[in-house]
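Keep in mind it's a predicted model, so treat the numbers as computed, not measured. Both counts, for ligands and for their atoms, begin at 1 and track the order of listing.
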Amino acid sequence: MINYNNNRPFVEGVSLEDIAKAQATPFYVYSQTKITNTFEQLKNSLDSEIFYAVKANSNQSIIKLMASLGAGADVVSVGELERAILAGVEPQKIIFEGIGKTKQDIAFAIEKNIRLINIESIDELERVNEVALNQNKKINIGIRLNPNIDGQTLDKISTGKKTDKFGIDTDKLNELFQVLEVSKNVNLIGISCHVGSQIFNINVFAEIFQTMKANAQIFLDKGYAIKHVDLGGGLGVNYAQDQEILNLELIKNEMNKCYVDVPYKLSFEPGRYLVANAGILVTTVITIKNNGGINYLITDAGMHTLIRPALYKAHHEIESVSGDTEKPINYTIAGPICESSDIFGKNISLPQQQIGNLIIIKDTGAYGKVMASNYNSRGLPKEILVKDNNFFVIHKPLSSTEFINQDHIPEWID
Ligand code: LLP
């Protein structure tokens with residue numbers, strides 16, 4: 001995503017150093033052209049409907065961009081549902097997922113007349129039917145199945161094994177059919193699954209396709225007119241130069257082999273794939289110190305800005321914008337938060353750094369800003385969108401005074 005002009009880093013036609021002169025770090029920068037190109041490539045390769053998993057990057061500009069490219073939205077909370085509607089996604093292109101929907105959430109989704117609510121448990125089916133009955137409506141639903149497939153990915157982002165909390169266990173289908181039978185205010189139109197994130201193995205995709213086809217047939221045989229089979233997200237993204245690349249052509253071949261003359265449409269709900277490589281985090285070196293032989297670079301971004309390395313031991317490539325290239329040094333790059341897990345990378349060879357230099361943490365367009373927190377009351381990061389020679393601040397966080405004023409002190413404390 002970064003290109004170099006006279007050794008200076010640019011995103012599209014905009015110099016990162018120029019952005020950093022105008023905007024205080026830390027900030028995320030996204031390339032609109034990269035997102036657009038990735039979307040087009042995915043859409044053309046898979047030739048299926050795409051519902052953007054808003055959770056990966058829920059900035060209003062990013063959702064609006066996805067909608068303008070023709071994507072629907074996959075949302076998992078009322079907040080994300082509101083975001084999608086406000087960003088202009090047509091309600092009939094919004095899928096509401098998530099394993100913990102309250103009656104209020106369900107009522108809100110029904111009022112917005114979205115495409116479907118994906119049911120993740122049998123008691124939720126009863127709840128959705130009851131809320132629809134109260135509104136005197138018959139609403140479209142999908143069933144998220146737990147297909148018991150190991151996505152062969154990190155434990156913390158695996159979602160499709162029998163023991164995971166997601167979806168309805170396929171052993172419980174008879175019970176599900178009994179409840180469906182008496183649920184007169186819902187109309188079952190689709191099934192879906194999502195077995196985890198960062199899937200590369202083509203055999204896993206093949207297993208998902210075959211399992212979902214077999215399950216769709218079970219529903220069809222029972223007389224349910226399944227119109228949509230959603231194959232989930234999880235398409236693997238490269239975070240390191242030597243990592244394997246996801247082969248979309250192989251995936252499409254497997255789809256073509258599996259789904260011949262089926263009476264339903266196929267769709268995917270990727271998040272990470274569409275945005276991860278289109279974003280970077282830019283931060284400034286605040287302190288340089290050697291503790292016990294370790295060269296620490298302390299940056300103004302930390303686990304409050306990007307939690308993936310601390311939470312999942314996730315790898316992100318790190319680059320410096322300047323420095324003495326004659327003297328490369330192995331640095332441990334850490335944030336300013338008072339926790340030892342606040343580390344972005346260890347033993348990273350960079351040109352010798354000085355306080356005030358800019359550091360770039362790459363491939364942070366997905367699950368970056370959306371997982372940022374206000375820990376240590378350091379505030380949330382800005383987000384900047386670049387298109388050609390222009391940049392625009394698409395998220396301006398609250399100032400410390402503003403977020404402090406969100407707290408209220410009762411009279412009895414004086
Ligand atoms: N659909 C459902 C039902 C999901 O639960 C998810 C992600 C997606 C789609 C999109 O998955 P993707 O295409 O982005 O892999 N915070 C973690 C990732 C958690 C993913 C949760 N579910 C990370 O930073 O790696």
Side-chain angles (χ1 to χ4, degrees), residues 28 35 38-39 42 46 48-58 62-63 66 71-77 80-81 84 94-101 116-121 124 142-147 149 151-161 164-168 190-201 204-205 208 212 228-239 243 246 248 251 267-279 281 303 305-316 344 361 363-373:
Y28 283 90
I35 296 173
T38 308
F39 180 86
L42 187 72
L46 298 182
S48 307
E49 226 176 334
I50 305 281
F51 293 89
Y52 170 55
V54 164
K55 62 170 82 66
N57 185 327
S58 57
I62 304 295
I63 303 175
M66 293 296 178
D74 161 30
V75 302
V76 291
S77 68
E80 284 190 356
L81 177 51
I94 300 177
I95 297 176
F96 186 22
E97 310 225 29
I99 52 160
K101 305 183 198 80
L116 59 82
I117 298 180
N118 251 342
I119 308 284
E120 296 222 22
S121 58
E124 186 179 273
I143 300 288
R144 175 168 173 188
L145 297 172
N146 180 319
I149 294 174
Q152 298 177 18
T153 171
L154 290 176
D155 242 14
K156 284 189 181 154
I157 49 181
S158 159
T159 50
K161 283 183 281 178
D164 292 326
K165 66 180 175 179
F166 303 94
I168 295 180
I191 58 170
S192 74
C193 74
H194 173 76
V195 310
S197 258
Q198 280 299 75
I199 305 171
F200 286 93
N201 189 334
V204 173
F205 285 103
I208 294 172
M212 290 307 282
H228 304 281
V229 172
D230 188 309
L231 301 164
L235 303 168
V237 153
N238 275 48
Y239 284 102
Q243 210 180 337
L246 186 72
L248 293 175
I251 297 179
S267 59
F268 288 87
E269 46 188 48
R272 186 190 314 264
Y273 189 86
L274 295 173
V275 286
N277 298 141
L281 172 60
M303 63 192 286
T305 330
L306 172 71
I307 202 174
R308 303 193 71 253
L311 189 59
Y312 313 118
K313 296 197 170 31
H315 171 85
H316 287 270
F344 289 128
I361 305 177
D363 304 310
T364 47
Y367 306 112
K369 161 63 178 48
V370 285
M371 294 178 77
S373 75

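Using a 4.5 Å heavy-atom threshold, the side chains of Met212 and Leu231 count as touching. Taking the side chain as every heavy atom from C-beta outward, Gln243 and Gln198 approach each other to under 4.5 Å.
At a 3.5 angstrom cut-off on N or O pairs, Gly196 does not count as close to ligand 1. Note: no N/O pair closer than 3.5 Å links Gln198 and ligand 1 by distance alone.
Here Glu269 has heavy atoms under 4.0 Å from ligand 1 in both its backbone and its side chain.
Residues passing the side chain to side chain contact (heavy atoms under 4.5 Å, CB included) test with Ala56 are Tyr52, Val275, Ala366, Tyr367, sequence neighbours excluded. Judged as a ring-ring contact (aromatic ring centres under 6.0 Å, His included), and not counting sequence neighbours, the contacts of His316 are Tyr239.
With ligand atoms numbered from 1 in the order given, ligand 1 contributes 3 (C) to contacts under 4.0 Å with heavy atoms of Arg144. Shown in contact with Pro270 at under 4.0 Å from a heavy atom are these atoms of ligand 1, numbered in order with element: 13 (O). The atoms of ligand 1 that sit less than 4.0 Å from any heavy atom of Ser197 are 11 (O), 12 (P), 15 (O), 20 (C). Applying the 4.0 Å criterion to heavy atoms of Gly271 picks out, from ligand 1, the atoms 10 (C), 12 (P), 13 (O), 14 (O). When each atom of ligand 1 is checked for a heavy atom of Gly233 under 4.0 Å away, the hits are 13 (O). Atoms of ligand 1 found under 4.0 Å from any heavy atom of Asp74, numbered from 1 in the order shown, are 1 (N), 9 (C).
Among Arg272, Lys55, Arg308, the residue whose heavy atom lies closest to atom 18 (C) of ligand 1 is Arg272.
Ion pairing between Glu124 and Lys101 holds under the 4.0 Å rule for side-chain N and carboxylate O.
Asn118 and Ile143 get closest at one heavy-atom pair: OD1-N, 3.6 Å.
Ala56 does not count as a contact of ligand 1, since none of its heavy atoms falls under 4.0 Å from the ligand. Contact annotation: Tyr273 has no heavy atom less than 4.0 Å from any atom of ligand 1.
In this structure, the side chain of Ser267 does not engage the main chain of Ile50 through any donor-acceptor pair within 3.5 Å. The backbone N or O of Asn238 lies less than 3.5 Å from a partner atom in the side chain of Asn277, making a donor-acceptor pair.
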